[in-house]
Enquirer: 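This is the structure I have questions about; it appears just below.
Proteins get letters first, then strands, A, B, ... in listed order; numbering begins at 1 in each.
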Number of protein chains: 2
Amino acid sequence: MRATTESPRPNLLELLWRATPETSRGPRKGLTVDEVVAAAIALADAEGLEAVTVRRLAQELGKAPMTLYTYVPGKAELVSLMLDSLFEGMARTPAQGSWRERLATVARDNYTLYRAHPWAAAASPNRPPLGPGQCAKYEHELQALEGLGLSDVEMDDALTYLLAFVRTAARDAAQSDAERETSGMSDEEWWETNGPLLARVLDPARFPTAVRVGQAAGEAHDAAYNPEHAFVFGLERTLDGLSTLIER
Amino acid sequence: MRATTESPRPNLLELLWRATPETSRGPRKGLTVDEVVAAAIALADAEGLEAVTVRRLAQELGKAPMTLYTYVPGKAELVSLMLDSLFEGMARTPAQGSWRERLATVARDNYTLYRAHPWAAAASPNRPPLGPGQCAKYEHELQALEGLGLSDVEMDDALTYLLAFVRTAARDAAQSDAERETSGMSDEEWWETNGPLLARVLDPARFPTAVRVGQAAGEAHDAAYNPEHAFVFGLERTLDGLSTLIER
DNA sequence: TTCGTACGTTGTATATTGTACAAAGTACGT
DNA sequence: ACGTACTTTGTACAATATACAACGTACGAA
């Protein structure tokens with residue numbers, strides 16, 4: 001048996017905190033984890049997360065594809081690093097005003113982030129890994145809920161609930177945008193194509209309420225779905241829902 | 001120029017409503033769209049959506065891979081068909097009781113569906129294509145909001161908001177399950193591996209609230225995240241949020 | 001100063017994906 | 001009876017993540 005070296009594959013958490021042991025042997029590294037992550041974010045912002053392939057990213061960095069695996073154990077870890085980097089640098093508007101204003105600000109900061117980086121809304125899990133960015137974000141956002149008489153567990157519940165709403169709203173908005181782009185069809189074209197079939201098949205006798213309400217919603221929003229309206233409406237509802245917990 | 005036949009690639013909407021023109025020429029079809037969709041659902045239920053590849057599905061059906069393209073124009077359309085089929089067959093508990101009870105029932109029916117078919121929660125868009133299943137579902141669910149004094153647009157807003165919450169809750173729950181399975185790590189093992197680093201890096205002076213609240217939440221749920229609790233908590237908040245719209 | 005070895009870099013290779021294309025075969029309508 | 005529309009299928013291709021091994025570099029010990 002050959003005494004092969006134990007490959008010290010860095011753990012995601014170590015990587016997030018940049019707690020990988022420094023090595024001195026061997027050639028100098030031509031890149032840093034931060035550079036790789038920054039390039040990946042730039043690429044995802046410009047062309048979407050599906051453009052962030054190992055080959056393409058390496059090309060962008062002027063290296064051979066496999067080189068990246070020196071910096072990042074795999075693609076999943078790279079995405080986590082991208083997210084944490086976003087969280088690290090995102091806006092943290094200082095908390096002020098009523099609890100409702102403070103939470104609305106938290107929601108808007110998040111919505112703005114996810115709208116600016118649509119790939120992040122799709123990639124972000126409900127519980128992101130505990131990197132420095134996520135921790136700073138969590139710390140900041142909890143401030144909006146401090147001193148309201150909630151238990152610690154309720155603070156976490158409330159924040160998780162609010163953030164899940166925002167992520168979903170942003171994700172749906174991004175998806176709505178993407179569909180419009182991908183299909184390359186305007187709403188008018190869509191109706192020209194599909195209207196006849198729908199008219200035949202959407203029997204008002206069978207779906208009376210659906211036809212009535214669907215039509216009203218479509219006309220009101222001037223589209224099948226209006227993400228910005230959904231966010232505004234949903235944010236009010238979400239804050240109202242939290243008020244019964246907070247103003248108990 | 002050869003007079004090639006215009007390939008009558010069926011539109012998704014035509015396919016959803018099974019409104020594809022019947023052909024008589026040529027060999028008899030060995031399958032039906034319904035059989036393909038049913039097999040795909042069974043496969044996704046058993047092994048996840050990532051197991052539903054064209055090759056695997058064809059094998060399951062005893063056909064060559066490319067045969068499936070006779071029935072379905074591509075994989076995206078197949079997934080839409082799978083979803084609509086699920087919606088068609090899902091539980092529709094009759095509406096009764098207060099508006100709150102009715103909406104809670106709608107939410108639970110949806111949550112049950114998505115928990116039984118985790119791939120569907122991940123694949124379902126905010127606005128599913130207008131297939132027969134989706135229409136029947138929409139019609140049914142709107143009943144819970146009928147007669148409450150809401151405008152048609154508000155009915156749609158409210159339902160969309162409620163369903164987005166449920167989808168997200170189910171998606172997060174499925175992801176939480178998947179992570180546990182994929183990592184193959186129990187919570188204890190995770191802490192053994194990552195505890196030391198976290199202890200060093202999660203400075204209570206830098207993240208006082210985060211450390212305090214995070215620890216409390218973790219202990220209360222006996223895990224980093226408790227999806228079922230999040231659903232119960234969130235459903236109450238969501239209904240409270242809608243109450244300010246409905247009981248105005 | 002020399003040299004072994006740990007480690008960065010990279011070319012090659014593999015398994016898997018969706019699906020385009022064309023050949024082959026089938027059965028209906030004329 | 002026969003042409004042709006349509007099903008079925010084999011082959012092929014581009015793209016993916018990443019395993020593996022060869023190669024070269026430069027530090028640390030001698």
Enquirer: With distance as the sole criterion, do the side chain of R25(B) and the base of dG29(C) form a donor-acceptor contact below 3.5 Å?
Expert: no
Enquirer: Side-chain N or O of T70(A) versus OP1/OP2 of dC7(C): is the shortest distance under 4.0 Å?
Expert: no
Enquirer: Side chain to side chain donor-acceptor pair (under 3.5 Å), that's the test. Do E14(B) and N194(A) meet it? Break it down for me.
Expert: CA-CA 9 Å; E14(B) 288 167 358; N194(A) 296 310; over 6 Å; no
Enquirer: Round to the nearest Å and state the distance from E50(B) atom CD to dG18(C) atom P.
Expert: 12 Å
Enquirer: How many Å lie between CD on E22(B) and P on dC28(C), as a whole number?
Expert: 14 Å
Enquirer: If you compare every side-chain N and O of S24(A) against the phosphate oxygens of dC27(D) (OP1, OP2), does one of them come in below 4.0 Å?
Expert: no
Enquirer: Please report the distance, rounded to the nearest Å, between CG in L78(A) and P in dT18(D).
Expert: 10 Å
Enquirer: Taking A121(A)'s backbone N and O only, do any of them form a donor-acceptor pair with R171(A)'s side chain (distance below 3.5 Å, no angle check)?
Expert: yes
Enquirer: Side chain of R55(A), heavy atoms from C-beta onward: which of dT19(C), dG8(C), dT18(D) has the nearest atom to it?
Expert: dT18(D)
Enquirer: When you get a sec, tell me which of dT10(C), dA27(C), dA17(D) is the closest nucleotide to the side chain of R28(B)?
Expert: dA27(C)
Enquirer: Could you state the atom-to-atom distance from NZ of K63(B) to P of dC6(D) in whole Å?
Expert: 18 Å
Enquirer: Closest-nucleotide mapping onto DNA chain C: is V52(B) or G30(A) further toward the 5' terminus? I mean the 5' end.
Expert: G30(A)
Enquirer: What is the separation between atom NZ on K75(B) and atom C1' on dT16(D), rounded to the nearest whole Å?
Expert: 14 Å
Enquirer: Rounded to whole Å, please give me the gap between CG in L68(A) and P in dT16(D).
Expert: 13 Å
Enquirer: Can the ring centroids of F165(B) and F165(A) be said to lie less than 6.0 angstrom from one another?
Expert: no
Enquirer: Start at the 5' end of DNA chain D and walk down; is the nucleotide closest to M66(B) or to G26(B) reached first?
Expert: G26(B)
Enquirer: Taking the minimum atom-to-atom distance to the side chain of P27(A), which one of dT25(D), dT7(D), dT9(C) wins?
Expert: dT25(D)
Enquirer: In whole angstroms, how far is the C1' atom of dA27(C) from the NZ atom of K29(B)?
Expert: 15 Å
Enquirer: Taking the side chain from D84(B) and the backbone from S80(B), do they hold a donor-acceptor pair closer than 3.5 Å?
Expert: no
Enquirer: So, the side chain of S176(B) versus the backbone of D172(B): is there a donor-acceptor pair under 3.5 Å, distance only?
Expert: no
Enquirer: Just the rounded figure in Å: distance from C1' of dT9(D) to OH of Y71(B).
Expert: 12 Å
Enquirer: Please tell me which of the listed nucleotides, dT10(C), dT18(D), dT19(C), lies nearest to the side chain of Y69(B)?
Expert: dT19(C)
Enquirer: Closer than 4.0 Å, any side-chain N/O of T67(A) to the OP1 or OP2 of dT10(C)?
Expert: yes
